[in-house]
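Below, read A as the first sequence line, B as the second, and so on, with proteins coming before strands; counting in each chain starts at 1.
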Protein chains: 2
Amino acid sequence: MTGARLDEIDRKILAELQADGRMTNVELARRVGISAPPCLRRVRALEELGFIRSYHAKVEPRELGFEVQVFAMVRLHSQSEKDLSAFEARAREWPLVRECHMLNGEIDFILKCVSPDLPTFQRFLTEGLTSADNVASVKTSLVIRCAKDEPGVPFDIVESRAAAAS
Amino acid sequence: MTGARLDEIDRKILAELQADGRMTNVELARRVGISAPPCLRRVRALEELGFIRSYHAKVEPRELGFEVQVFAMVRLHSQSEKDLSAFEARAREWPLVRECHMLNGEIDFILKCVSPDLPTFQRFLTEGLTSADNVASVKTSLVIRCAKDEPGVPFDIVESRAAAAS
DNA sequence: GCGGTCTGCGCAATATTATTTCAGAAAAGA
DNA sequence: TCTTTTCTGAAATAATATTGCGCAGACCGC
């Protein structure tokens, strides 16, 4: 279960580290209002308990020559668990696929892909994705631009909900 | 321009920090094969030049009570730049919307949303998104499960391409 | 109320790490 | 070749992370 309850300080820690994952523990402790040692212990606990899964530098794909970003909507012939898992396993193997989510409704999977250029993506699309086993159809949409990209959780809502509950 | 060329060490640094954004500089230096001071200078430079945009802890939404994740495909009536920008500005204001990408093709925008529960999302959908100015239609799909979530860049491809070019 | 246990805090000490400084080696150009 | 530039790494210093430990408050059964 996700039984372990978080207090106000834990939520602040998560919010701060989500916003800046490289903040020093001293600075973090200052911001959440406790001293460094217990702060570090809380961070470790949050990591252990799975609230914090990992830390990542956000790298700019375009700066690295990945000019193309694409969302691919995939439909399969068979939605048996075995076939779904098989597709997911393949998705994990494709480097161009950065995210793979199973959806309800008409579309079975949505993939977020990056590619250095259009030819490379087209090759992946024709030789990899659409020709993969069990794939019924693929609809792709190029990303023109990104207006917002803040994965994670809206802690402003977490806090207002916690306040409302009390 | 993105003129500043990166060498092998820079790319290793980016790959390592993308995989573990909290790695100490000492460990990072050891892994990429140089000493700590020049390594830190390179990291700072990569941040300055925009290759590294930011650092984030990856927080598990479900652990924090955000049980619902949804992709919303939005179509607008008008695609004039003014109206597109207006929609983007609104998307940035909605806390439940974590990502907003403008697409080509039939769909104008795709939004990735999180919500504590279905009622909360339905309220946002009816009172916020679908009733917003200029929104023609919204199709939503619940995320059943996530098979892969590794935003960023596939450095294995960067390296093989660099090797091929040399 | 009174001890016992549990939990979490913060001080202080120590180990690691970050950062600056600086001199020297390799690459580029006249 | 000589300069200029650029980048490296050793050493020193500043800052931070981490451990150990004593203390205070909460909770519990008596």
Side-chain angles (χ1 to χ4, degrees), chain A residues 1-60 63-65 155 158-159 162-163 165-166, chain B residues 1-60 63-65 155 158-159 162-163 165-166:
Chain A
M1 268 291 282
T2 71
R5 259 281 179 310
L6 303 181
D7 63 12
E8 185 65 18
I9 293 177
D10 288 320
R11 269 180 269 123
K12 276 190 193 172
I13 288 174
L14 290 172
E16 293 289 345
L17 286 180
Q18 179 175 277
D20 178 4
R22 272 222 131 179
M23 190 181 298
T24 68
N25 183 58
V26 169
E27 171 66 10
L28 180 62
R30 197 189 59 71
R31 292 198 189 196
V32 305
I34 60 178
S35 65
C39 184
L40 186 62
R41 283 192 290 264
R42 279 168 180 263
V43 171
R44 295 280 181 268
L46 291 170
E47 292 167 359
E48 289 293 320
L49 294 171
F51 291 97
I52 297 175
R53 179 182 292 279
S54 51
Y55 300 89
H56 303 280
K58 192 165 162 186
V59 169
E60 199 55 45
E63 296 286 329
L64 275 151
F155 279 97
V158 175
E159 280 156 26
S166 64
Chain B
M1 267 293 281
T2 71
R5 260 286 180 302
L6 302 181
D7 62 13
E8 185 65 18
I9 292 176
D10 289 319
R11 268 179 271 122
K12 275 191 193 170
I13 288 174
L14 290 172
E16 292 290 345
L17 286 180
Q18 179 174 277
D20 178 4
R22 273 221 129 180
M23 190 180 298
T24 68
N25 183 59
V26 170
E27 172 66 11
L28 180 61
R30 196 188 61 71
R31 291 199 189 194
V32 304
I34 60 178
S35 64
C39 184
L40 187 61
R41 282 192 291 267
R42 280 168 181 264
V43 171
R44 294 282 181 264
L46 291 170
E47 292 168 358
E48 289 293 320
L49 294 171
F51 290 97
I52 298 174
R53 179 183 292 278
S54 51
Y55 300 89
H56 302 280
K58 191 164 163 188
V59 169
E60 200 54 46
E63 296 286 329
L64 274 150
F155 279 97
V158 174
E159 280 155 25
S166 64

Separation of [N] [atom2] from [X] [atom1] (nearest whole Å):
{"X": "B:I13", "N": "D:dC7", "atom1": "CD1", "atom2": "P", "value": "12 Å"}
{"X": "A:D7", "N": "D:dA26", "atom1": "CG", "atom2": "P", "value": "15 Å"}
{"X": "A:I9", "N": "C:dG10", "atom1": "CD1", "atom2": "C1'", "value": "13 Å"}

> Would you say B:R22's side chain and A:S54's backbone share a donor-acceptor pair under 3.5 angstrom?
Replying inline: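 No; judged by distance alone, with no hydrogens or angles, the pair does not exist.
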
With side chains defined as the heavy atoms from C-beta onward, is the minimum distance between [X] and [Y] less than 4.5 Å?
{"X": "B:R42", "Y": "B:V32", "result": "no"}
{"X": "A:E47", "Y": "A:V43", "result": "yes"}
{"X": "A:L6", "Y": "A:L46", "result": "yes"}
{"X": "B:F155", "Y": "A:V59", "result": "yes"}

Heteroatom pairs (N/O) under 3.5 angstrom, protein to nucleotides 16-20 of chain C:
{"unit_1": "C:dA18", "atom_1": "OP1", "unit_2": "B:N25", "atom_2": "N", "d": "2.7"}
{"unit_1": "C:dA18", "atom_1": "OP2", "unit_2": "B:N25", "atom_2": "N", "d": "3.0"}
{"unit_1": "C:dA18", "atom_1": "OP2", "unit_2": "B:V26", "atom_2": "N", "d": "2.8"}
{"unit_1": "C:dT19", "atom_1": "OP1", "unit_2": "B:R44", "atom_2": "NH2", "d": "3.1"}
{"unit_1": "C:dT19", "atom_1": "OP2", "unit_2": "B:R44", "atom_2": "NH2", "d": "2.5"}

*asked:* Under a 4.0 Å threshold between the charged nitrogen and the carboxylate oxygen, would B:R31 count as salt-bridged to B:E27?
replied: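 Yes.
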
Exercise. Go through the steps for B:R44 and B:R41 under the test side-chain contact (heavy atoms from CB on, under 4.5 Å), then give the verdict.
Key: CA-CA 5 Å; B:R44 294 282 181 264; B:R41 282 192 291 267; 5.7 Å; no

* Asked: Should B:R42 be listed as having a side-chain N or O under 4.0 Å from OP1 or OP2 of D:dC7?
  ->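 False: B:R42 side-chain N/O out of range (4.0 Å or more) of D:dC7 OP1/OP2.
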
Rounding to the nearest 10°, end axes of the helix from C:dG1-D:dC30 to C:dA30-D:dT1 built from five pairs each make an angle of 30°

CD (B:Q18) and CZ (B:F51) are apart, to the nearest 0.5 Å, by 14.0 Å

